[in-house]
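Below: the structure, in structure tokens.
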Amino acid sequence: MEKKELNKGYDPHEIESKWYQYFLGHGFFKAEDKSKKEAFSIVIPPPNVTGMLHMGHALNNVLQDIIIRYKRMQGYNALWMPGMDHAGIATQNVVEKELAGEGITRHDLGRERFIERVWQWKEKYGGIILTQLRKLGCSCDWDRERFTMDEGLSRAVREVFVRLYNDNLIYQGNYIVNWCPRCHTAISDLEVEYTEENGGLWYIKYPFAEGEGGVIVATTRPETMLGDTAVAVNPHDERYKDVIGREVILPLVNKKIPIIADDYVSVEFGTGAVKITPSCDPNDFEMAQRHDIDMVIIMDGNAVINENGGVYQGQDRDMCRKNVVNDLKKGGYLIEEKPYTHNVGRCYRCKTIIEPAVSKQWFVKVKPLAKTAISAVVKGKTKIFPSMWEGTYFDWMNNIRDWCISRQIWWGHRIPVWYCSDCGKVIVATEDPKECPACSGSSLRQEEDVLDTWFSSALWPFSTLGWPDKTDALKTFYPTSLLVTGFDILFFWVARMMMMGLYVMKDVPFKEVYLHALVRDEKGDKMSKSKGNIIDPLDMIDKYGADAFRFTLAAFTAQGRDVKMSEDRIQGYRFFVNKIWNAARFCFMNLEDYHEGELSPDAENYSVCDRWIKDRLNHTVADLTRFLNEYRFNDAAARIYYFIWHEFCDWYLELIKPVLYGKNSSHSKLGAQHTMLMVLKSSMKLLSPFMPFVTEEIWHKLPGDEGSLMISPFPSEDDSLKDEEAVKRMGVIMDVITRIRNIRGEMNIPPSKKLKVLLSVPDDELISIVITGKDYIIDLAKLRELSVKGEIKEEPKGVATGIAGAIKVYVFLEGMIDIAGEIARLEKEMSKLTKNLAMVSKKLANQEFREKASEKVVEKEKLKSKELQEKSVILERALSRLHILEG
RNA sequence: GGGCGGGUAGCUCAGUUGGGAGAGCGCCACGUUUACACCGUGGAUGUCACAGGUUCAAGUCCUGUUCCGCCUACCA
């Protein structure tokens with residue numbers, strides 16, 4: 001066998017890029033459009049084209065990669081579809097900032113040239129995040145990369161728009177929408193973030209137009225009074241019974257406005273009278289529609305007061321508020337002003353306070369779409385993990401409101417609507433029309449607005465597969481198998497994909513959705529630049545390697561919990577990677593004289609510990625498979641960690657050392673080598689989805705030429721590896737070893753001091769077990785002599801006593817006898833035991849327990865009681881002998 | 001206002017048919033044994049938020065209280 005050295009410590013740097021290139025070069029990430037293999041597909045949540053990899057992306061994509069690699073190894077035709085989102089507002093902002101550096105605005109460039117600039121920017125900087133995903137090890141089918149502004153995806157957008165329009169599910173209208181005065185566009189309800197902020201509540205008196213007195217209204221936005229067109233009270237409010245229908249004078253503006261009655265008005269709040277500004281408040285807008293009240297628009301797109309604001313024209317909303325309040329004070333209209341905390345809506349993108357404004361916008365009528373989307377989840381066509389999110393999904397879908405899809409920006413899918421200047425016809429078409437179909441006029445003007453970015457994202461699961469063409473990819477991979485995303489975009493994206501998928505494809509976009517939590521810092525705070533608590537995933541990869549980083553993310557992804565990330569934990573798993581590396585190195589060093597294929601699988605070729613570790617491996621496979629199928633990433637990670645570190649390294653490798661070193665001829669060295677290699681190889685397979693790099697490196701150093709690990713078959717449960725007999729026998733042997741180690745540790749006896757041990761074993765079966773395990777015990781417990789006897793009557797003197805099940809363990813303490821120490825040790829154990837025994841006895845003494853508890857449970861308790869009693873007798877005897885010695 | 005999640009060892013958290021309170025890190029002791037000190041062996045630590053209830057048996061099920069986090073909502 002060719003000699004291949006492994007370094008003492010594992011260094012991820014070169015190895016990771018080497019293998020990633022290898023994977024790419026061999027096309028292992030590629031899925032087949034047509035295949036006999038069963039398909040498994042995931043579409044990536046497309047990151048913003050402006051995005052840089054942060055912890056959220058890292059978590060999201062590592063989880064997807066683990067699943068897709070797992071499925072690929074299981075033999076599926078696995079597709080992970082990559083791509084990016086054009087991120088309308090965000091990208092436009094970035095490029096506008098760039099222009100500002102040059103001293104120009106997009107308006108200086110004009111629409112066409114500005115769009116060109118954005119494309120240039122995209123080509124130059126746009127792909128960064130996808131490069132970063134490669135550093136993580138993501139096994140996307142990169143040749144299929146898509147972008148929401150691609151020609152194909154744009155065609156899909158137009159097609160869907162036209163269909164929805166023709167089905168009367170898209171309409172245009174003058175409504176009040178959330179307007180961002182900084183981004184200069186409408187945004188959807190979802191894109192407004194509400195935060196509790198300190199503000200004020202102003203009480204303003206509106207005098208009656210005729211007669212004495214007036215009505216006092218309370219408002220958080222006094223400046224909007226310039227646009228008031230009514231005052232409203234509750235129809236059942238006794239206080240205002242007689243004023244309904246009268247008129248008041250709007251202060252500062254000096255105009256008469258009516259007092260109306262509407263159930264919306266709360267009797268309890270403020271004065272029970274509310275000013276109505278239909279152009280500045282969504283509720284007022286609705287009320288105005290109900291009562292056919294006028295509307296006065298007082299602000300422009302910059303939230304600056306317009307010509308309808310009289311003397312306040314030209315002032316922005318903040319300045320105007322100050323001045324209005326001052327003027328009200330002067331005029332004696334301001335009754336009271338008090339601090340008040342309330343919810344303020346801000347633009348999710350730039351955090352500017354949203355100005356509700358009336359404008360002409362396009363909307364999707366979502367109720368009918370939502371209905372189908374709800375029933376798909378009810379029927380289980382799409383399953384949501386963890387299931388608690390189903391409730392949230394239903395709740396939102398049931399209360400859904402129409403979706404404002406038009407944006408007054410330039411970067412995005414321009415709405416496929418044209419207006420004929422000659423006859424006024426509205427043309428909605430997938431292809432740019434050359435002339436008006438009604439009057440054949442040629443002066444057509446396209447709608448200026450573009451679509452919400454989420455509109456194109458909603459089509460992602462089928463648009464990326466080639467729709468509207470009938471492609472093989474679509475046929476093979478739609479509906480996709482799984483969607484993995486953060487719960488924070490359940491409404492933004494998941495819900496809308498459900499609606500669009502069902503509307504367009506008549507089938508759900510994905511069969512399962514796994515919603516993961518957010519990554520926070522170790523204190524549980526959201527990571528943000530302003531807090532300075534960001535941990536950069538790329539730094540972590542650089543420092544600890546992608547494998548360790550990936551494993552950390554998986555290990556902390558418990559369902560429904562936030563992922564609290566800290567560097568210490570990554571370091572902890574970095575140690576694990578090193579442990580794996582060194583275990584492999586050990587195996588490797590002991591395979592020099594190994595020749596595969598020389599060993600029959602007959603049981604006699606394998607020792608009890610060989611059989612034991614294979615049983616444990618088989619268990620691990622079963623558990624891991626189950627956990628991954630249920631998206632229990634943390635459990636999966638913990639299971640493989642435990643197997644490799646504790647079962648394989650701590651026990652098995654230690655057990656076979658003497659065999660490998662030729663010090664123990666009673667067990668087959670070849671059998672140990674064979675088992676060691678087989679278990680190591682299987683472990684690498686199990687670990688490969690989590691740690692694709694180090695496992696691949698180890699794999700290629702091991703004997704055998706089986707190609708790449710990442711496409712080798714994932715282990716499945718194998719009944720032939722089950723071995724209860726070996727598990728039972730090893731249980732006894734390990735228990736004895738642990739007992740002796742326990743005594744050594746508690747008595748502070750250094751490992752270099754070889755011990756003499758006597759075992760008192762009550763029955764023949766146990767004796768045979770102990771005899772076969774004698775070498776193991778001598779080696780792992782570091783003994784110089786081990787004698788095994790049947791049940792002995794006369795206990796030896798000068799020993800420390802331990803109990804391993806039915807076996808009594810006597811450790812001779814010649815010369816180092818510390819009677820007081822041993823007494824203390826035994827008494828400690830005795831008190832634990834007594835407490836335990838008391839609990840068990842109490843249970844068994846209870847008649848109801850014996851009658852009502854299941855037989856299995858009662859038997860278990862009885863057995864426990866018996867064992868504890870026996871132990872107690874032994875300890876008692878040992879103690880009394882020590883007391884005599886001492887005395 | 002409504003909803004959801006959480007309060008378990010010093011820290012971060014597991015604990016899925018109710019029947020042994022666990023892991024990792026940290027801590028203490030011993031140790032350099034031909035894979036690994038990025039290591040090994042052993043050890044200590046808990047009114048499972050609180051109060052009731054169901055049950056032979058509750059961290060686990062039910063009710064209430066409290067604290068924290070998140071989502072959602074048109075109360076000016």
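Order of the sequence lines sets the chain letters (A, B, ...), proteins ahead of strands, with each chain counted from 1.
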Pair F690(A) + F551(A): ring centers closer than 6.0 Å: yes
Mutual orientation of the aromatic rings belonging to F492(A) and Y348(A) [parallel < 30°, tilted 30-60°, perpendicular > 60°]: tilted
N748(A) side-chain N/O to G42(B) phosphate OP1/OP2 under 4.0 Å: no
Y641(A) ring center near W645(A) ring center (under 6.0 Å): yes
Phosphate OP1/OP2 of A76(B) contacted by Y340(A) side-chain N/O (<4.0 Å): yes
Donor/acceptor link under 3.5 angstrom from E861(A) side chain onto base of A57(B): no
Check: U16(B) base within 3.5 Å donor-acceptor of R632(A) side chain: yes
Separation of the C1' atoms in C70(B) and A9(B), to the nearest angstrom: 27 Å
Any donor-acceptor N/O pair under 3.5 Å between A35(B) base and K657(A) side chain: yes
G-U wobble or Watson-Crick pairing nucleotide for U47(B) (cut-off 3.5 Å, both distances): none
Phosphate OP1/OP2 of G24(B) contacted by H646(A) side-chain N/O (<4.0 Å): yes
Position toward the 5' end of RNA chain B (nearest nucleotide), R850(A) or A584(A): A584(A)
Candidates C56(B), C74(B), C39(B) - which lies nearest the side chain of F849(A): C56(B)
Residue Y641(A), side-chain atoms from C-beta onward, closest of C75(B), G20(B), G24(B): G24(B)
Sugar-phosphate only, base, or nothing, as touched by N399(A) at under 4.0 Å among non-hydrogen atoms: nothing
K832(A) vs G20(B): side-chain N/O to OP1/OP2 distance below 4.0 Å: no
Residue closer to the 5' end of RNA chain B, D395(A) versus D650(A) (nearest nucleotide): D650(A)
Sugar-phosphate, base or nothing in reach of P282(A), heavy atoms under 4.0 Å: nothing
Test applied, salt bridge (charged side-chain N to carboxylate O under 4.0 Å, His left out); reference residue, R346(A); option that passes from E197(A), E193(A), E191(A): E197(A)
Side-chain N,O (Y573(A)) to OP1/OP2 (U12(B)) below 4.0 Å: no
base_contact_polar (C38(B) base, K579(A) side chain, donor-acceptor, <3.5 Å): no
Closest listed nucleotide, where the reference is the side chain of N846(A) and the choices are A14(B), C56(B), G31(B): C56(B)
Heavy atoms from other residues, nucleotides or ligands near NZ of K669(A) exceed 12 (cutoff 6.0 Å): yes
Watson-Crick or G-U wobble mate for U12(B), both contacts under 3.5 Å: A23(B)
OP1 or OP2 of G40(B) under 4.0 Å from side-chain N/O of W651(A): no
Presence of K753(A) side-chain N/O under 4.0 Å of U33(B) phosphate oxygens OP1/OP2: no
Residue-phosphate contact under 4.0 Å: R744(A) side-chain N/O, G31(B) OP1/OP2: no
